[in-house]
Amino acid sequence: MASEQDKLLEEVTNREYQYGFHSDIEMDALPKGLNEDVVREISRRKNEPEFMLEFRLAAYRNWLKMESPEWAHLKIAPIDFQDMIYYAAPKKKPQLDSLDDVDPELRATFDKLGIPLDEQKILSGVAVDAIIDSVSVKTTFRETLAEKGVIFCSISEAIREYPDLVKKYLGSVVPPGDNFFAALNSAVFSDGSFVFIPKGVRCPMELSSYFRINALNTGQFERTLIVAEDDSYVSYLEGCTAPMRDENQLHAAVVEIVTLDRAEVKYSTVQNWYPGDKNGKGGIYNFVTKRGMCKGDYSKISWTQVETGSAITWKYPSCVLMGDNTVGEFYSVALTNNYQQADTGTKMIHLGKNTRSLIVSKGISAGKSQNSYRGLVKVSKRADNARNFSQCDSLLLGDKCGAHTFPYLEINNSSAKVEHEATTSKIGEDQIFYCNQRGIDTEDAVGLIVNGYVKEVINQLPMEFAVEAQKLLQISLEGSVG
Amino acid sequence: MNLSEHDISLQKLFDTNRAFIEKDAAAGVNLARVKAAEAFAVQGIPSSKVEAYKYTNLQPWFKSGFEQAYGLNGYSADDLKTFECNVHEMESHTIFTVNGKFVEGSSGHALPEGVVAGSFLELSQKYPEIIEKYYGRQAKVETDGFIALNTMFAMDGLFIYVPKNKVVEKPIQIVNVLTGPSDLMVNQRNLIVVEENAQVRVLFCDHTLSMSRFLVNTVTEGFVAESGMLDFYNLQNQHNGTVQVGGYYFDQEAKSQLNANYFTLHTGITRNNIFSRLGGEHAENHISGLYVIDKNQHVDNFSFIEHAVPDCESNELFKGVMDDASTGAFTGRILVAPDAQRTNAYQSNNNLLLTDSAKMNSRPQLEIYADDVKCSHGATVGQLDENAMFYLRARGISKEEANILLMYAFAYEVIEKIKVPSLKEQIRQLVEKRFRGELDKCDSCVVCGQLGTNLIKAN
């Protein structure tokens with residue numbers, strides 16, 4: 001009897017604790033599923049200070065109480081949040097020996113976009129010689145930036161190196177419990193970028209997430225924080241025009257921007273995630289929370305986005321105009337083709353006096369896609385002399401697609417001037433005819449007309465980006481005409 | 001959805017009084033109550049969490065204290081003689097309702113042969129085929145808790161039928177009067193059917209005569225058959241203790257024309273649900289509205305224009321002036337169905353805010369599933385033009401006068417759309433008086449006006 005009991009005891013004590021995690025062996029990835037232990041483990045593996053763990057846990061607990069938003073004009077297949085891996089060590093892509101091994105369709109796209117050969121290699125995962133230009137370029141970048149006092153690093157690095165800055169600003173614009181996807185991101189984000197521009201510094205170059213080391217594997221829950229101190233300026237580029245293939249279906253990123261007195265941040269995005277095939281199978285869900293806070297007087301935040309990829313886009317880059325005389329801008333081109341769905345727009349929250357905002361949104365729908373603009377302009381009671389102008393145009397290519405506009409204007413101050421206008425149209429047959437007459441075939445003509453239509457937005461992009469973005473629009477529309 | 005306490009008490013009220021409500025009603029109307037009660041059990045009174053009611057929370061008003069209006073409270077046509085609401089020089093067929101109930105003998109001039117205008121209760125029994133064909137067809141109970149509630153309780157209201165090729169020259173004026181010693185809830189039901197090639201003009205005037213609080217939930221369904229024409233005017237002049245949910249549901253066939261104009265000059269809380277379906281090719285509709293509000297008044301115009309077929313045209317214009325702590329809201333959704341090609345749809349909403357306590361929420365929306373369309377919408381919120389003001393001041397016009405002149409010019413764009421000259425003049429005068437802060441009543445009226453300024457703060 002006693003021996004049997006001992007045997008049982010021995011068995012139990014020798015058995016590994018089945019509800020915990022192995023801490024002695026580092027696995028590549030955590031098991032599927034999300035619970036508090038997963039959140040703790042992510043924080044532990046990243047060697048984060050205590051406040052970050054608290055931040056993540058608070059977000060996770062908020063997230064549990066929330067429901068996936070359903071108000072957008074989107075049809076989203078239910079997402080099983082327990083069927084996902086929330087942390088994985090940077091994945092190694094299969095290394096290819098030369099560009100010849102790369103999918104020819106992908107290469108053709110690269111060529112059309114005019115991407116330099118070396119970049120092509122990096123993007124498609126070809127083993128790159130260690131001394132190619134771009135690597136040395138990166139090093140030069142870092143030195144120049146350090147000289148000016150600009151901090152540009154991964155957010156994980158920032159959490160370890162500059163905990164005070166991160167603690168002060170992280171979650172100050174998008175709180176951990178802001179919305180369903182932002183809360184999820186706050187709980188489990190793996191990496192992202194951190195930019196800090198000190199007082200009076202004008203960042204000498206465009207910062208691009210693409211050039212940052214390790215930026216290629218930031219994973220599906222990206223977190224970006226940009227802080228611009230008094231009188232500083234930075235232009236930040238996110239994404240790139242090259243088609244990005246990724247096995248993660250859900251991307252829930254959060255971007256926060258804080259500008260202090262007289263600072264200016266320009267944030268440009270080109271998004272070209274895998275949109276799914278022609279029949280609407282597969283594709284990325286791009287559910288992003290982007291928000292900037294014009295905290296100091298006379299500061300300015302400008303969002304420019306070109307959205308051509310993703311099966312579903314749910315994205316509303318916003319500006320909270322808190323300081324007096326602050327300015328918020330939003331320029332957007334959203335293109336949907338085949339079975340893509342986009343519900344995107346902006347929020348301009350006017351809180352300070354003499355604040356101004358401008359919204360220019362250009363939607364293009366083709367194929368069987370649905371493209372919606374959804375925006376809010378809110379003028380609070382104390383925001384005297386607020387000024388807003390919104391223009392939302394939609395272009396329909398084909399009779400099976402949809403273009404929708406859902407603006408909200410909430411005005412609580414009599415000195416506000418708010419104007420919204422929207423039009424929906426298609427490319428005129430006369431325009432096409434004119435081009436055909438001059439020897440331009442219909443597909444090129446459509447590209448030409450679309451580029452003219454979006455020019456106002458594309459002009460806001462940094463030069464090289466603008467050139468690529470134009471070509472990208474044309475490529476994305478391929479096959480939608482005729 | 002979980003029903004709230006007041007939803008359940010409304011259901012109980014319906015169950016207890018059902019026999020009484022159904023007693024004299026037409027079979028088709030009673031049949032619809034069954035489905036309506038089921039639909040209400042699902043929806044209840046919408047809260048402001050329901051997207052369509054985001055800017056108007058009506059739930060608190062249904063809490064208690066309102067008696068259901070069933071009868072005339074002893075009013076007869078004679079009692080209404082003190083209440084003259086005739087538009088100058090406008091000859092019309094005048095019909096009175098009191099608390100949603102048709103008043104016998106109130107019809108003025110003789111109507112053309114075959115045209116019917118009178119009590120919904122009576123005529124719905126007389127014309128069961130019309131009820132069967134039209135009743136509840138456009139105001140669908142499952143789409144809105146207020147339609148369901150109205151369909152449950154509806155007993156009386158207006159019934160207008162204009163047969164094929166008949167043209168009613170003189171407008172039919174319906175004066176809806178709310179009165180009584182105690183707080184009342186009124187569920188009025190109106191049905192307007194305009195047959196092929198027929199024409200009619202209808203003016204609804206909404207008034208209050210006593211200090212009691214009123215909770216009004218009317219549903220008006222309007223059907224315009226091929227090549228028919230319906231001119232619909234609604235002039236709302238009620239005291240601040242009135243909460244009115246006005247549902248207007250129109251359905252148009254090919255080549256028909258609808259003009260609907262909504263003037264809200266005085267109210268407590270007004271919510272207009274204006275739905276219009278363009279169901280036949282080459283149909284046209286023009287919907288406009290003007291709301292001039294102050295104190296704690298609230299007006300929410302919610303419109304939905306459905307372009308179901310190709311080649312239709314719609315025009316929408318809503319303008320508002322908000323003074324004091326009043327709040328305005330506008331939602332205009334235009335839906336262009338797949339294959340509704342060559343649609344022209346235009347919409348505009350302009351607002352003036354006169355104080356910092358006034359608020360305006362505007363949602364102009366386009367939902368488009370066809371490519372060969374011309375659609376646009378615009379919305380503005382702002383103040384009077386400074387340059388225009390300077391121009392007037394430079395010519396020796398006082399600030400007050402210049403203000404009124406400019407506000408009046410702002411409002412005139414809507415007034416201009418009225419097609420009956422005498423009515424246009426009447427509304428023009430009323431609006432001008434309203435801007436001058438004078439009692440906004442008709443010259444000949446001795447009863448209505450600004451009663452119960454503070455009533456709205458109840459609850």
Side-chain angles (χ1 to χ4, degrees), chain A residues 70-73 363 365-429, chain B residues 49 51 54-55 310 321-325 327-386:
Chain A
E70 279 169 7
W71 41 261
H73 194 86
S365 336
K368 294 191 168 81
S369 66
Q370 300 296 334
N371 198 333
S372 310
Y373 167 82
R374 185 183 303 276
L376 167 74
V377 175
K378 187 175 177 126
V379 178
S380 74
K381 207 171 161 159
R382 286 187 197 83
D384 293 340
N385 301 319
R387 185 79 180 90
N388 163 269
F389 177 75
S390 314
Q391 188 188 339
C392 305
D393 296 333
S394 308
L395 192 65
L396 290 149
L397 308 173
D399 56 0
K400 297 280 183 291
C401 52
H404 321 295
T405 325
F406 306 105
Y408 289 67
L409 313 179
E410 299 183 357
I411 315 302
N412 299 330
N413 186 299
S414 65
S415 59
K417 262 195 190 164
V418 178
E419 293 167 285
H420 172 96
E421 56 180 49
T423 60
T424 302
S425 52
K426 66 167 195 168
I427 294 178
E429 277 164 28
Chain B
K49 281 188 185 143
E51 186 66 11
K54 184 176 160 83
Y55 298 119
V321 181
M322 267 69 58
D323 200 353
D324 298 336
T327 49
F330 170 79
T331 304
R333 180 174 274 201
I334 296 173
L335 172 73
V336 178
D339 299 325
Q341 302 293 7
R342 298 172 300 282
T343 289
N344 286 346
Y346 306 101
Q347 181 191 77
S348 178
N349 174 232
N350 309 110
N351 302 284
L352 286 179
L353 288 183
L354 302 183
T355 71
D356 281 354
S357 311
K359 283 181 194 165
M360 180 65 208
N361 298 311
S362 183
R363 292 186 293 182
Q365 307 182 330
L366 296 175
E367 202 176 334
I368 294 163
Y369 297 95
D371 66 334
D372 191 3
V373 299
K374 283 193 189 119
C375 295
S376 72
H377 66 197
T380 61
V381 180
Q383 314 79 47
L384 296 171
D385 183 10
E386 273 175 38

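Protein chains get the first letters and strands the later ones, always in sequence-line order, with residue 1 at the start of each. This structure is a prediction, so every number in the text was calculated from the model and none was measured.
- Within the model, atoms CD of B:Q341 and CG of A:D399 stand 5.5 Å from one another, a figure rounded to the nearest 0.5 Å.
- A 4.5 Å side-chain heavy-atom check between B:V373 and A:L396 finds at least one atom pair inside the cut-off.
- Between the CD atom in A:E419 and the CG atom in B:N350 there is a gap of 9.5 Å [rounded to 0.5 Å].
- Contact count against chain A (heavy-atom pairs under 4.5 Å) is highest for B:E51 among B:K374, B:M322, B:E51.
- Looking only at heavy-atom pairs under 4.5 Å with chain A, the residue among B:A379, B:G378, B:P338 that has the most is B:A379.
- Of the two parts of A:Q391, neither the backbone nor the side chain holds a non-hydrogen atom closer than 4.5 Å to a non-hydrogen atom of chain B.
- Looking at B:Y346, there are no atoms closer than 4.5 Å to chain A (heavy atoms on both sides), in backbone or side chain.
- Looking only at heavy-atom pairs under 4.5 Å with chain B, the residue among A:S365, A:G402, A:P407 that has the most is A:P407.
- Between chain B and the residues A:S415, A:A403, A:S425, the most heavy-atom pairs under 4.5 angstrom are made by A:A403.
- Within the 4.5 angstrom heavy-atom criterion, only backbone atoms of B:A370 (N, CA, C, O) approach chain A.
- When the candidates A:T423, A:N371, A:N413 are compared by the number of heavy-atom contacts under 4.5 Å with chain B, A:N413 comes out ahead.
- Among the residues in residues 356-367 of chain B, those with a non-hydrogen atom closer than 4.5 angstrom to a non-hydrogen atom of chain A are B:D356, B:S357, B:A358, B:K359, B:M360, B:N361, B:S362, B:R363, B:P364, B:Q365, B:L366, B:E367.
- For the atom pair OH of A:Y408 and OG1 of B:T331, the computed distance is 8.0 Å after rounding to the nearest 0.5 Å.
- Neither the backbone nor the side chain of B:Q347 has a heavy atom closer than 4.5 Å to any heavy atom of chain A.
- Of the listed residues A:I427, A:V418, A:D393, A:V377, the one with more heavy-atom pairs under 4.5 angstrom with chain B than any other is A:V418.
- Side-chain atoms of A:H404 come within 3.5 Å of backbone atoms of B:I368 as a donor-acceptor pair (strictly under, hydrogens ignored).
- No other option in A:R387, A:R382, A:R374, A:H73 has as many heavy-atom pairs under 4.5 Å with chain B as A:H73.
- In terms of non-hydrogen atom pairs under 4.5 Å with chain B, the most contact-rich of A:E421, A:E410, A:K417, A:K381 is A:E410.
- Of the two parts of A:D384, only the side chain, counted from C-beta on, holds a non-hydrogen atom closer than 4.5 Å to a non-hydrogen atom of chain B.
- Annotation for A:K426: atom NZ counts as buried by contact number, over 12 foreign heavy atoms lying within 6.0 Å.
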